[in-house]
Amino acid sequence: MSTLTKVTPYANEPFTNFSLDENKQAMEAAIAKVKSELGQEYPLYIGSEKVVTEAKIKSINPGNVDEVIGYVSKANQALAEKAMVAALETFESWKRVHVRKRAEYLFKAAALMRERKHEFSALMILESGKNYVEADVDTAEAIDFIEFYAREIIRLSEINETGPLTKIAGEDNKISYIPLGVGVIIPPWNFPLAICVGMTTAAVVSGNTVLLKPASTTPIIAHKFVALMREVGLPDGVINFIPGSGAEVGDYLTTHPKTRFISFTGSKEVGLRINKLAADTVPGQIWIKRVVAEMGGKDGIIVDETADLDAAASAIVASAFGFQGQKCSAGSRAVIVESVYDQVVEKVAALTKQLQIGLPENNFAAGPVIDKTSYERILEYIEIGKQEGILLAGGEKAEGNGYYIQPTVFGNVSGKARIMQEEIFGPVLAIAKAKDWQEAIAIYNDTEFGLTGAYFSTDEERIAEALETVHCGNLYINRKCTGALVGVHPFGGFNMSGTDSKAGGYDYLLLFTQAKLTSRKI
Ligand SMILES: NC(=O)c1ccc[n+]([C@@H]2O[C@H](COP(=O)([O-])OP(=O)(O)OC[C@H]3O[C@@H](n4cnc5c(N)ncnc54)[C@H](O)[C@@H]3O)[C@@H](O)[C@H]2O)c1
Ligand SMILES: N[C@@H](CCC=O)C(=O)O
């Protein structure tokens with residue numbers, strides 16, 4: 001690469017305004033294009049090889065289960081081992097590639113993704129059941145991650161110019177952030193582009209090589225990203241693409257002696273399993289594996305009697321039901337003080353009932369949940385909710401040739417109830433009543449998770465207290481608890497929500513590097 005892009009200051013990718021006909025039509029055209037390409041087969045990428053296996057992962061549209069998105073080859077342990085060998089070999093050359101050149105691949109990828117933005121979003125609409133806005137936000141976040149981490153590695157590489165070390169006479173001391181080695185990247189399906197892209201590009205731009213095992217419900221959007229990285233000329237073997245069973249491929253790589261780090265985003269159960277397996281050392285292993293694990297949430301919104309109640313109700317509904325509540329940041333709980341409880345609950349129930357359910361490609365507010373397992377689990381939680389609270393909206397499956405569930409609200413739920421404590425990851429909101437704002441904060445904090453939260457109030461003293469005492473990684477005041485922006489709201493949670501690794505933050509790349517101090521006598 002001879003000419004290096006001039007690096008402009010980082011700015012978030014703008015969202016698309018779909019109330020404009022031209023934008024809506026552009027998305028419809030992109031959906032039609034993606035539909036004309038459905039049903040294809042996609043290979044694994046291992047080193048310089050495209051590998052086609054007989055076993056395949058079949059990806060379907062959760063909103064129309066008869067529609068096959070495509071078939072992706074499926075890695076087993078032997079192929080995972082082959083990918084490990086390729087990644088180890090490539091690491092020797094990739095780690096020596098100049099930081100600016102590594103960043104340059106990312107800048108090119110971001111530019112290309114921006115050009116094809118609606119195409120990426122259209123594929124997510126069909127493969128994951130996002131509506132236009134949710135898919136557009138996901139693609140914008142993916143572009144943001146690429147742009148942000150490319151700049152971040154350049155900043156880290158120039159850190160000695162800003163003098164981070166104490167100077168002493170007679171020595172020239174420098175700190176540099178060098179890569180770790182081969183990493184296993186395990187993203188979830190719910191931000192099938194943004195999180196997959198962010199986790200992968202952060203590791204790669206830091207000089208590591210990776211084995212990317214995408215989620216099995218959304219492997220084709222992950223493939224589209226990997227194909228884009230190949231198109232911009234990223235050397236073979238830097239990203240090895242190995243979809244496969246979490247239990248088979250995941251466990252094999254987690255326990256592999258040559259795995260240097262595991263970057264995981266997903267459920268608490270799988271995250272804890274990875275953390276435990278990775279802690280054991282095996283013969284041939286010469287390091288402590290690093291685990292980055294971003295896990296689930298039981299996030300919530302607190303409303304006191306001084307709050308703007310309309311704004312609070314809208315935020316509760318947006319946080320609970322955006323992408324059918326399938327966000328780790330989803331506001332699946334609300335805690336409202338007694339004196340305004342009835343008013344807020346009435347507004348929330350009314351807004352929820354207005355959400356129209358239907359096919360994501362027709363851009364309905366509420367679409368399907370991701371698969372049959374989730375569908376059945378969520379319906380079971382709704383039955384539990386009927387025992388634990390008062391049903392205020394929804395409560396049933398919904399019509400459609402897919403996994404549709406009515407946005408559901410339960411009121412008068414105890415803070416200790418299962419639907420207040422367990423992550424449902426679906427369109428189910430539980431509301432509790434508190435005697436006052438302090439009790440509301442205590443109810444909010446009574447959880448093993450600690451990812452996102454929001455506090456609605458106009459009382460400055462209470463807000464100051466909430467800022468101190470509401471215990472979560474991302475706390476918002478007077479706004480919804482979803483929708484973190486890269487660089488603006490570094491994202492990650494406390495307690496069982498994970499290692500608080502703050503994706504999209506200014507210390508994220510430190511997780512994929514190790515600091516080397518060099519001291520030279522002068
Ligand atoms: N904290 C965050 O930033 C964040 C972001 C998005 C999603 N999430 C969480 O992710 C969950 C939903 O995603 P999901 O259903 O894909 O989660 P999941 O834990 O079921 O799967 C996540 C990934 O782990 C893989 N996997 C499964 N078993 C494995 C094993 N034994 N070893 C290695 N990998 C294995 C899966 O194939 C998938 O790629 C929710 O709990 C949500 O809150 C958290
Ligand atoms: N970063 C996203 C959530 C990612 C997890 O699902 C948000 O802030 O809403």
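Order of appearance sets the numbers: ligands from 1, and atoms from 1 within every ligand.
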Check: [X] ring centre within less than 6.0 Å of [Y] ring centre:
X      : Y      : answer
Phe364 : Tyr132 : no
Tyr42  : Tyr71  : no
Tyr45  : His223 : yes

Ligand 1 polar-atom proximity to protein (N/O, under 3.5 Å):
unit_1   : atom_1 : unit_2 : atom_2 : d
ligand 1 : 1 (N)  : Met295 : N      : 3.4
ligand 1 : 1 (N)  : Met295 : O      : 2.7
ligand 1 : 10 (O) : Gly266 : O      : 3.3
ligand 1 : 15 (O) : Trp189 : NE1    : 2.8
ligand 1 : 16 (O) : Trp189 : NE1    : 3.4
ligand 1 : 17 (O) : Ser267 : N      : 3.3
ligand 1 : 19 (O) : Ser267 : N      : 2.8
ligand 1 : 19 (O) : Ser267 : OG     : 2.6
ligand 1 : 31 (N) : Asp251 : OD1    : 2.9
ligand 1 : 32 (N) : Gly246 : O      : 3.3
ligand 1 : 37 (O) : Lys213 : NZ     : 2.9
ligand 1 : 39 (O) : Pro187 : O      : 2.8
ligand 1 : 41 (O) : Glu423 : OE1    : 2.6
ligand 1 : 43 (O) : Glu423 : OE2    : 2.6

Any idea which residues sit under 4.0 Å from ligand 2, heavy-atom distances?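 For ligand 2, the contacting residues are Asn190, Phe191, Lys327, Cys328, Ser329, Thr482, Gly483, Ala484, Phe491.
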
What's the shortest heavy-atom distance between Phe491 and Ala484, and which atoms?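 Looking at all heavy atoms of both residues, the closest pair is CD1-CB, 3.6 Å.
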
Tell me whether Lys298 forms a cation-pi arrangement with Tyr444, defined as NZ or CZ under 6.0 Å from the six-membered ring centre and within 45 degrees of its axis.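 Geometry flag: not set, cation outside 6.0 Å or 45°.
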
Atom CG of residue position Leu272 - does it have more than 12 heavy atoms of other residues, nucleotides or ligands inside 6.0 Å?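 Check passes, neighbour count above 12.
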
What residues, two or more places apart in sequence or in another chain, satisfy side chain to side chain contact (heavy atoms under 4.5 Å, CB included) together with Leu511?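 For Leu511, the residues satisfying side chain to side chain contact (heavy atoms under 4.5 Å, CB included) (neighbours in sequence not counted) are Val292, Ser501, Tyr508.
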
side-chain hydrogen bond (donor to acceptor under 3.5 Å, both in side chains): pairs with one or both residues in residues 182-206, sequence neighbours excluded: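 Listed once each, the pairs would be none.
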
Please round to the nearest 0.5 Å and tell me the distance separating atom OG1 of Thr452 and atom CG of Leu475.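 Going from the OG1 atom of Thr452 to the CG atom of Leu475 covers 9.0 Å.
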
